[in-house]
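Read through the structure below, which is laid out as structure tokens, and then see the notes.
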Number of protein chains: 2
Amino acid sequence: MKFRTSPDILPPRGHPAKRQSIIDAAAAVFCREGFAGANIDLVAAEAGVSRQTVYNHHGDKEKLFAAVVADITERCNARAFSVLSTFPDNPEDLEADLTVFAMRLNKSCIWGRDGRFLAKLIHAEGERHPELFETWRREGPGRVWSALAARFARLAFAGHLDIDDPDLAARQFLALVNVDLHIPWLFGETLSEEEQSASAARAVRTFLRAYGRKCEVAANALEEVHEA
Amino acid sequence: MKFRTSPDILPPRGHPAKRQSIIDAAAAVFCREGFAGANIDLVAAEAGVSRQTVYNHHGDKEKLFAAVVADITERCNARAFSVLSTFPDNPEDLEADLTVFAMRLNKSCIWGRDGRFLAKLIHAEGERHPELFETWRREGPGRVWSALAARFARLAFAGHLDIDDPDLAARQFLALVNVDLHIPWLFGETLSEEEQSASAARAVRTFLRAYGRKCEVAANALEEVHEA
DNA sequence: AACTTTTTAGACAGTCTTGTCTAATTCGTC
DNA sequence: GACGAATTAGACAAGACTGTCTAAAAAGTT
């Protein structure tokens with residue numbers, strides 16, 4: 001209910017393996033039940049640990065929650081950056097390569113455990129406790145997005161794209177990639193591999209219609225117009 | 001914890017005004033605190049009503065929650081349809097008209113009380129209790145989106161747009177309109193009027209770059225290419 | 001093997017919440 | 001004003017949960 005004082009995370013004590021297993025279990029429980037509904041006994045049981053050990057490691061429920069957020073944030077950002085490093089800087093077939101990249105992004109950051117958990121935690125507590133997610137905002141959207149924007153800018157500079165505002169293009173790319181995933185995601189449903197790749201392909205196609213090289217767009221358009 | 005049996009909503013009893021004020025208060029409390037964290041006494045106090053009256057009207061906490069979901073769903077869909085009726089069917093300046101439409105959509109469905117509440121409720125309970133939101137899925141995305149798609153299809157037929165898959169275009173339009181709003185939305189921040197309109201304008205510009213009439217796109221592109 | 005740290009099980013007080021019950025009061029309507 | 005329905009305040013039992021404490025067991029180290 002408070003988080004008033006700086007929500008320090010307790011310094012590592014005891015065995016790190018248990019510490020991590022507690023955080024993993026707590027993440028699952030907090031996401032399933034919400035902060036108020038989460039039960040420390042359940043966390044302990046799910047972590048295969050006694051309740052007292054949970055308290056030894058993390059002090060109290062709020063500190064445990066803060067530790068979970070920090071942990072998930074870190075892993076999520078790491079994963080995002082790792083996917084980012086597979087961006088097609090020298091594309092052979094830009095549309096195909098971007099589609100593959102979009103699918104990897106989906107798989108890692110949206111359907112992945114960490115991504116889902118982080119999103120749920122933010123939705124549940126972001127409004128009431130924005131402090132907890134400041135790290136994420138700084139490192140996540142703040143850095144990942146601008147890194148993606150830099151990649152797009154490079155593609156544009158190399159003549160593969162026509163982009164005036166790379167940051168905007170990056171955000172719109174991510175939004176388009178999410179279009180078909182959002183609703184199923186909300187209800188815990190999954191998309192088949194084919195659906196995912198079809199969705200990614202549609203997103204990339206639209207993105208390229210908007211940001212593809214002008215002369216190519218012009219050529220394609222003229223061609224189609226002539227046909228009609 | 002259950003919602004196992006069909007979560008019937010109690011038939012209206014007592015004074016409708018109080019009934020509604022209870023639902024309004026409950027909506028606010030459920031959204032702030034989550035289902036588990038919500039306190040019936042608090043709902044009663046916020047509604048200006050005694051606890052017993054809450055129970056008289058809505059049976060128990062779960063039925064109250066179901067009633068809140070039903071209420072918000074209905075109002076949210078009504079609002080969406082009402083905004084939809086302002087779609088620019090005979091646009092004078094397509095870009096400007098679509099931008100205004102996008103802003104109205106934002107104002108009504110995203111920043112509005114009902115929209116925020118519904119989104120939070122879905123995020124909090126959608127995975128655990130999808131039954132509760134089936135009405136929304138059927139009437140919301142299912143109907144509003146396809147209505148929007150129909151509007152786009154008409155614009156395309158009239159020669160204002162070049163769209164092969166109107167449903168997809170509608171979904172992508174909504175996604176683009178949301179790009180800049182999502183993060184601030186998560187943390188309860190608001191965007192100034194100017195920021196909102198700038199965001200809407202950017203979304204519409206990209207949308208039209210992707211779906212604008214081919215011959216116009218071609219003309220613009222050729223022009224720019226020639227300049228360079 | 002001796003010693004220290006960590007973990008465990010369980011009990012425990014204190015708090016909070018839900019949902020029910022009762023008796024008194026107010027409201028709406030005829 | 002009189003009557004029945006709706007509302008109120010408050011008490012209440014039953015249960016759940018947090019966070020602490022203790023004594024014993026287990027694990028890890030030298």
Side-chain angles (χ1 to χ4, degrees), chain A residues 1-5 7-26 28-68 124-125 128-129, chain B residues 1-5 7-26 28-68 124-125 128-129:
Chain A
M1 243 74 131
K2 291 105 228 173
F3 287 112
R4 275 191 294 256
T5 69
D8 328 58
I9 294 157
L10 249 46
R13 295 257 234 120
H15 295 186
K18 302 222 162 184
R19 188 185 174 77
Q20 187 62 46
S21 82
I22 292 170
I23 289 195
D24 288 343
V29 174
F30 279 132
C31 289
R32 272 208 317 274
E33 323 278 351
F35 179 80
N39 180 320
I40 302 272
D41 286 328
L42 192 59
V43 171
E46 205 148 313
V49 142
S50 77
R51 178 182 44 239
Q52 187 59 41
T53 300
V54 176
Y55 282 102
N56 285 343
H57 277 277
H58 296 103
D60 67 15
K61 202 179 179 182
E62 296 186 0
K63 292 208 188 73
L64 176 59
F65 187 81
V68 167
E125 304 294 330
R128 249 185 318 172
H129 302 293
Chain B
M1 244 77 130
K2 292 105 225 170
F3 287 111
R4 275 191 295 257
T5 70
D8 329 59
I9 294 158
L10 250 46
R13 292 254 235 122
H15 294 189
K18 301 221 163 189
R19 189 184 174 76
Q20 187 61 45
S21 82
I22 291 169
I23 289 196
D24 288 342
V29 174
F30 278 131
C31 288
R32 271 209 316 274
E33 324 277 350
F35 178 80
N39 182 320
I40 303 272
D41 286 327
L42 192 59
V43 171
E46 206 148 312
V49 143
S50 77
R51 179 181 45 240
Q52 187 59 43
T53 301
V54 175
Y55 282 102
N56 285 343
H57 276 276
H58 296 103
D60 66 14
K61 201 179 178 181
E62 296 187 358
K63 292 208 186 73
L64 175 58
F65 187 81
V68 166
E125 304 296 329
R128 249 186 318 175
H129 302 294

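This one's a predicted model, so the numbers in the text were calculated from it and none came from an experiment. These numbers come from the heavy atoms of this one structure, side chains and all, not from hydrogens, waters or symmetry mates.
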TODO: State which residues pass side chain to side chain contact (heavy atoms under 4.5 Å, CB included) with B:Ala28; sequence neighbours excluded, sorted by chain then number.
DONE: B:Arg32, B:Glu46, B:Phe117
Task: Interatomic distance, B:Leu64 CG vs C:dT17 P [rounded to whole Å] - done: 16 Å
Open item on the list: By the 4.0 Å heavy-atom rule, please label A:Ala44 as base, sugar-phosphate, or nothing.
Closed with: nothing
Just the atom pairs and distances: protein N or O near nucleotides 13-15 of chain D's N or O, under 3.5 Å.
none

Task: Separation of atom NE2 in B:His58 from atom P in D:dA6, rounded to whole Å - done: 14 Å
- [ ] Taking only the side-chain nitrogens and oxygens of A:His57, find out if one of them lies under 4.0 Å from OP1 or OP2 of C:dT7.
- [x] yes
Open item on the list: Rounded to the nearest 0.5 Å, what separates atom CG in B:Asn56 from atom CD in B:Gln52?
Closed with: 5.0 Å
Open item on the list: I need the CD1-C1' distance between A:Ile40 and D:dT20, as an integer number of Å.
Closed with: 13 Å
Open item on the list: Distance check needed: D:dC17 P versus A:Phe35 CZ, whole Å only.
Closed with: 14 Å
Task: Between D:dT18 (P) and A:Phe65 (CZ): distance, integer Å - done: 14 Å
Open item on the list: Distance check needed: C:dT15 P versus B:Asn39 CG, whole Å only.
Closed with: 17 Å
Hey, can you pull the donor-acceptor pairs under 3.5 Å for the side chains in residues 38-45 of chain A, sequence neighbours left out?
unit_1, atom_1, unit_2, atom_2, d
A:Asn39, OD1, A:Asp41, N, 2.7
A:Asn39, OD1, A:Leu42, N, 3.3
A:Asp41, OD1, A:Arg51, NH1, 2.3
A:Asp41, OD2, A:Arg51, NH1, 3.2

Task: Closest non-hydrogen atom pair, B:Ala67 against B:His58 - done: CB-CD2, 4.0 Å
- [ ] Indicate whether OP1 or OP2 belonging to D:dT7 is found under 4.0 Å from a side-chain N or O atom of B:Asn56.
- [x] no
Open item on the list: Nearest 0.5 angstrom please: A:Arg128 CZ to B:Cys31 SG, how far?
Closed with: 11.0 Å
Open item on the list: Taking any heavy-atom pair under 4.0 Å as a contact, classify B:Ala36: base, sugar-phosphate, or nothing.
Closed with: nothing
Task: Phosphate OP1/OP2 of C:dT8 contacted by A:Thr53 side-chain N/O (<4.0 Å) - done: yes
Check nucleotides 20-23 of chain C against the protein and report each pair of N or O atoms closer than 3.5 Å, with its distance, or say if there are none.
unit_1, atom_1, unit_2, atom_2, d
C:dC21, N4, B:Gln52, OE1, 2.4

Open item on the list: In this structure, how many angstroms lie between the P atom of D:dA16 and the CG atom of A:Leu42, rounded?
Closed with: 14 Å
Task: Inter-residue atom distance A:Glu62.CD - A:Leu64.CG, 0.5 Å rounding - done: 10.5 Å
Open item on the list: Check the orientation of B:Phe30 and B:Phe35. Use parallel for under 30°, tilted for 30 to 60°, and perpendicular for over 60°.
Closed with: parallel
Open item on the list: Check the phosphate of D:dG28 against A:Lys18, side-chain N and O only, distance under 4.0 Å to OP1 or OP2. Yes or no?
Closed with: no
TODO: Just jot down the side chain to side chain contact (heavy atoms under 4.5 Å, CB included) partners of A:Gln20, sequence neighbours excluded, or say none.
DONE: A:Ile23, A:Asp24, A:Asp71, A:Arg75
Open item on the list: Rounded to whole Å, how long is the line connecting atom NZ of A:Lys61 with atom P of C:dT15?
Closed with: 18 Å
Open item on the list: Applying side chain to side chain contact (heavy atoms under 4.5 Å, CB included), can you list everything that pairs with A:Ser21, at least two apart in sequence or on another chain?
Closed with: A:Ala47
